[in-house]
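Read through the structure below, which is laid out as structure tokens, and then see the notes.
Every value quoted in this text rests on a predicted model; they were computed, and no experiment measured them.
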Amino acid sequence: MTKDNFIMLPTVDFCFKELMQNPKVRKGFISALLDLSPDEVEDTVLLPTLLPRDSADDMLGIMDVRVLLKDGTQMNMEMQVKYFEYWDERALFYLSKMFDSQIRKGESYEKLQKCIHVSILDFIHFPNDKECYRRIHFRDDSTYELYSDKMELQILELKKLPPEVKTGEDVLAWMRFFSSKSKEEFQNMAKTNEYFDEAYNTLLNLSADEKKRLEYEAREKALKDYNTQISSAEKRGLKAGEEIGRKAGEEIGISKGKELGKGLGVQE
């Protein structure tokens, strides 16, 4: 990609976080997640992404984008490019920490407001169906009645996005935007509404900022290096497993051969 055609991709978490710094872009995306008109989403406030710890032994939690809505609802939005084995556990941990951090000792439980964890995944997390967007709540196993809406998970699987997005499916449209790989694709999305236009122009400005570009490229390189290390470790593990299997097979073969020889009266 030439310098003139360079544009940051939202699937790199650095770019996604920078994109969500824009209040209008944030408003457009959040309204889609909440299935509301953007006009119904009042001012949103970015909160610190470092979750508080009750003790030095507590695990450190650092979120991508944490947002406070006017009604007290909190949202954490995470962009993850590559497969993460314990993503469900991570999402539940962050959701629980976010929920827990709302009150302190002696305060009433009635202060607890709704918390939503949004996973934007550029890999297939649920391989057994074609659903690319799902919302998950606590429900009764027998009646399926909603137990509480105070904790919610939303999972967006970008790799499952259908070829065509129907009008009115705002979340899927945002997934299409996040999945775009070229200026032309972003430009086409920008023509559809003012929020995508704002997001596209934000990407252009970020991409033209030399300092931001260096940070973006450093993060992109770190992700590639990590994925290379994981791939290399998997190959080494596979090779080691094959060698262990080969040796075990040889030993079993020798043992079986000896047993057969004894049965036939053959002396060693």
Exercise. Answer yes if the ring centres of F178 and F16 are under 6.0 angstrom apart, and no otherwise.
Key: yes
Quiz item: Centroid-to-centroid, F93 to Y86, below 6.0 Å?
Solution: no
Quiz item: For E78, what residues pass the side chain to side chain donor-acceptor pair (under 3.5 Å) criterion, not counting sequence neighbours?
Solution: N76, R90
Quiz item: Can you list the residues that meet the side chain to side chain donor-acceptor pair (under 3.5 Å) rule with Q113, with sequence neighbours excluded?
Solution: none
Taking NZ, NE, NH1 and NH2 as the nitrogens, is one of them in [X] or [Y] under 4.0 Å from a carboxylate oxygen of the other?
{"X": "K70", "Y": "D43", "answer": "no"}
{"X": "E145", "Y": "R139", "answer": "no"}
{"X": "E152", "Y": "R135", "answer": "yes"}
{"X": "K159", "Y": "D122", "answer": "yes"}

Taking the side chain from [X] and the backbone from [Y], do they hold a donor-acceptor pair closer than 3.5 Å?
{"X": "K221", "Y": "Y216", "value": "no"}
{"X": "R176", "Y": "P163", "value": "yes"}
{"X": "E185", "Y": "K181", "value": "yes"}
{"X": "T49", "Y": "V65", "value": "no"}
{"X": "T73", "Y": "L69", "value": "no"}
{"X": "S180", "Y": "S182", "value": "no"}
{"X": "Q102", "Y": "F99", "value": "yes"}
{"X": "N205", "Y": "N201", "value": "yes"}

With a 4.5 Å heavy-atom cut-off, do [X] and [Y] have their side chains touching?
{"X": "V81", "Y": "D13", "value": "no"}
{"X": "S96", "Y": "M151", "value": "yes"}
{"X": "L34", "Y": "I116", "value": "yes"}
{"X": "V45", "Y": "V67", "value": "no"}

Quiz item: For Y195, is the NZ or CZ atom of K27 found under 6.0 angstrom from the centre of its six-membered ring and inside 45 degrees of the ring axis?
Solution: no
Looking at residues at least two apart in the chain, or sitting in another chain, which of them share a side chain to side chain contact (heavy atoms under 4.5 Å, CB included) with [X]?
{"X": "Y109", "result": "I103, L112"}
{"X": "K130", "result": "none"}
{"X": "S31", "result": "P38, V41"}
{"X": "S108", "result": "E110"}

Enclosure of [X] [atom1] (heavy-atom neighbours >12, cutoff 6.0 Å):
{"X": "F126", "atom1": "CZ", "result": "yes"}
{"X": "F138", "atom1": "CZ", "result": "no"}
{"X": "E184", "atom1": "CD", "result": "no"}
{"X": "E89", "atom1": "CD", "result": "yes"}

Quiz item: So F177 and F196, would you call those rings parallel, tilted or perpendicular, with 30° and 60° as cut-offs?
Solution: parallel
Quiz item: Do you see a donor-acceptor pair shorter than 3.5 Å between the side chains of H125 and E157?
Solution: no
Quiz item: Side chains of Q154 and R134: do they bring a donor and an acceptor to under 3.5 Å?
Solution: no
Quiz prompt | From M98, H117, K114, residue fulfilling side chain to side chain contact (heavy atoms under 4.5 Å, CB included) relative to Q74 | solution = M98
Self-check item: Sole candidate of T202, L204, D209 that passes side chain to side chain contact (heavy atoms under 4.5 Å, CB included) when paired with L206
Solution: T202
Exercise. Test R213 against every option in E210, E217, E215 by the side-chain hydrogen bond (donor to acceptor under 3.5 Å, both in side chains) rule and name the one that passes.
Key: E217
